[in-house]
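First up is the structure itself, then whatever we jot down about it.
Just so it is clear: chains get the letters A, B, ... in the order the sequence lines come, proteins before strands, and each one is counted from 1.
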Amino acid sequence: MAAVLPDWLSPQQFSTAIDEMANAIGKQWVIHDGDPKLRSYRDSFSTLPGDANVPSAVIAPDGIEDIQAILKIANEYRVPLWPISTGRNFAYGGPAPRMPGYVVLDLKRMNRILEVNEEYAYALVEPGVSYFQLYEYLQKNNIKLWIDPAAPGWGGIVGNTLEHGVGYTPYGDHFMMHCGMEVVLPDGTLFRTGQGSLPETESWQVFQYGFGPILDGVFSQSNFGIVTKMGMWLMPEPPGYMPFLITYENEDDLAIITETVRPLKVNMVIPNGAFTVDLLWDAAVKVSKRQYYSGKGPIPDSARKKIMSDYKLGQWNFYAALYGPPPMMENTLQVIRDTLGAIPGARLWTAEERKHDAAFQYRAKLMRGEPNMTEFGLMNWVGGGGHINFSPISPTTGEDAMRQYEMIKKRSHEYGFDYIGEFAVGWRDMHHVYMLMFDRTDEEERQRAHELFGLLIDEAAAAGYGEYRTHLAFMDQVAKTYSWNDHALWKLNERLKDAFDPNGILAPGKQGIWPAHMREKHSWTS
Amino acid sequence: MDKLISTIGLALLLGSVALPGTAEERPRSGEESWYLFCEGCHRPDAEGPGAVMLQRRYGDERMAIKGSTTLAPEYITHVVRNGLLEMAPLRPTDITDAELDLLIDFLATPANPVD
Ligand SMILES: Cc1cc2nc3c(=O)[nH]c(=O)nc-3n(C[C@H](O)[C@H](O)[C@H](O)COP(=O)(O)OP(=O)(O)OC[C@H]3O[C@@H](n4cnc5c(N)ncnc54)[C@H](O)[C@@H]3O)c2cc1C
């Protein structure tokens, strides 16, 4: 099958460009010409049809010089490049590019752990370093530092942080904890942010700001540059660790849980990401839907009740952890008992009591920075692989939590899907993550899921809720909702795009930011 | 202030541990590929979602892929490169063809009972 190409490139121009790239970095790291391995760059879970986002080629550089050589050729022929680091952005697009026909710039080979500093507790890594890899390195070298992985351990520090990803230890806001970047611009310019631009510095990974404007943010969730190194603060292993779960009996308890969590988070009594997890999210790691319900549509309340009692779960299940010397943890635990534990029907569970519970165990690992893959068990709830995350932001209030929950659950049920979700309180905000699970082998169901997702974006925006990130297929739609003052922010993004990337070769359309030469067809800002 | 900065600089140097910063050796061993890309999902217990799904579909005998004597190398290659329902494919930059061969050999060795 001939690959889809960007419509402004002739097959001849495309193949000349790819040949030149292959000459520059080595043939064995270029995949093209309908090679079946290109299929491993699909998003095999999305609501789009099977081969919607297959790239035309993949090129895997190893180092800055390779990247600069590729960029030079890409600029000459206007080849669109889609950079990925570990390439595990599943639920939001996986390794796939925004449009079919782009060339994926796969940075996975660049996986050097450049420095780990135990005293100042940081690491400096290349884009291909995964959570599993960094964890293994620290273990093998007996370094008493914790990483903060996203739930899937095969993702990585750079890609996840650039997407504003979240984790489960007190260092769970990854972008907040990064310190220093090295970036290659589309024209090949190489520079470092923060203190990294002072040639003799020893402070690149200890001070985030440097001198002058802080540019790091400009290279996250954007298409302005390729990040080639990143510093990340690591948490020193604490003298004690105490994960816990509190189960709640009623759906409406979400309101009071959220109201109670807010002061505990804002005052930093709970130091890590606090997760209020709905029944099915927790249960799906352990059982499949079919074991409880063989009909169509969302699982009925009677079956939910049965799952609750079989697995000793709540309608809501609150997970967090305490860290520090044991007497301090004991004191804080008493505060937790007097607040979250005092909500009628609440039951607090310790790690010992949940020793054989796979869901508790994987969260306990994540909250102490041990990467794993157990949360992928969610996919086994319906089977068939389809899933996509809807993740709106709100202030941490009971009213917002209930409003979002009811809104999304109602639509989800209307469209025949279970509500499977969790509310993550980082500090002042809530990330509500609704995982829309569907059977991807059922064409009608896939399309229905796609339609539901689009509807949720607009309804949430109308109620004042915007997504913190989104799947490739919905980037334009979400970008359009950030429309204050006649899309002023996205117009500015387009001006930045033109300044950083005049030929429009880097990740066109990422986050709804289109380069000048594609704007007429895709952009809504003018 | 100068002094302070240089003291910090020195501390940084001393604080740094074995920092090769060099590329790891490729091809990777089968065991290392297993750890980086398979074990998280295929550890043969309730925390391995791949193992759990295989057990649900086919029963206990097919739960573990590590140590299996019945999986054909061609089949493993196909699943790894194309994915299978809930399992996403692995890319050639994750596991090269040579590394996949080593991984397949590793899978065929008996599972370590303490795993
Ligand atoms: C079951 C499940 C659980 C999940 N749990 C979490 C979770 O707990 N927390 C969380 O944050 N996410 C979660 N996710 C979403 C996702 O899997 C992770 O965020 C994952 O870490 C992202 O993939 P990655 O780290 O490999 O990044 P990549 O896929 O490498 O990168 C993500 C995107 O960033 C951009 N990018 C990457 N590298 C560069 C670069 N060097 N320069 C410029 N741009 C770049 C690209 O647009 C790329 O598509 C979950 C997904 C699933 C399916």
Nearest 0.5 angstrom please: [X] [atom1] to [Y] [atom2], how far?
X	Y	atom1	atom2	answer
B:Met53	A:Ser288	CE	OG	7.5 Å
A:Met373	B:Glu39	CE	CD	11.5 Å
B:Leu36	A:Glu136	CG	CD	6.0 Å
A:Lys108	B:Ile95	NZ	CD1	10.0 Å
B:Glu86	A:Leu378	CD	CG	12.0 Å
A:Asn380	B:Leu54	CG	CG	9.0 Å

Subject >> Most chain A-contacting option - heavy-atom pairs closer than 4.5 Å, from B:Asp45, B:Asp97, B:Val52 >> reply: B:Asp97

Original post:
Using a cut-off of under 4.5 Å for heavy-atom pairs, which of B:Met87, B:Arg26, B:Arg57, B:Glu32 has the most such pairs with chain A?
Top reply: B:Glu32

Heavy-atom distance under 4.5 Å to chain B: side chain of [X], backbone, both or neither?
X	value
A:Phe45	side chain
A:Lys365	side chain
A:Pro152	neither
A:Leu138	neither

Max heavy-atom pair count under 4.5 Å with chain B, selected residue of [options]:
options	answer
A:Ala60, A:Gly384, A:Ala359	A:Gly384
A:Thr86, A:Thr441, A:Leu38	A:Thr86
A:Ala358, A:Ser130, A:Gly128, A:Pro371	A:Ala358
A:Asp106, A:Asn372, A:Asp43, A:Asp439	A:Asp106
A:Tyr131, A:Trp154, A:Phe132	A:Phe132
A:Arg290, A:Arg88, A:Gln28	A:Arg88

Subject >> Full working for side chain to side chain contact (heavy atoms under 4.5 Å, CB included) between A:Arg109 and B:Thr96 >> reply: CA-CA 11 Å; A:Arg109 289 175 66 212; B:Thr96 62; over 6 Å; no

**OP:** Keeping the roles fixed (side chain from A:Thr374, backbone from B:Glu47), state whether a donor-acceptor pair exists under 3.5 Å.
**Re:** yes

Original post:
Is a side-chain N or O of A:Arg39 found less than 3.5 angstrom from the main chain of B:Gly83, in a donor-acceptor match?
Top reply: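 No; zero donor-acceptor contacts below 3.5 Å.
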
**OP:** Given side chain to side chain contact (heavy atoms under 4.5 Å, CB included), test B:Arg91 with A:Ile31 step by step and report yes or no.
**Re:** CA-CA 11 Å; B:Arg91 312 195 306 269; A:Ile31 310 168; over 6 Å; no

Original post:
Can you name the nearest heavy-atom pair linking A:Ser44 to B:Pro89, along with the distance?
Top reply: OG-CD, 3.5 Å

Original post:
Where do B:Arg81 and A:Lys37 come nearest, in terms of heavy atoms and distance?
Top reply: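 Nearest heavy atoms, B:Arg81 then A:Lys37: NE-CE, 3.7 Å.
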
Subject >> Structural part of B:Leu90 lying under 4.5 Å from a heavy atom of chain A >> reply: both

Original post:
Are more than 12 heavy atoms from other residues, nucleotides or ligands located less than 6.0 Å from atom CD of B:Glu31?
Top reply: no

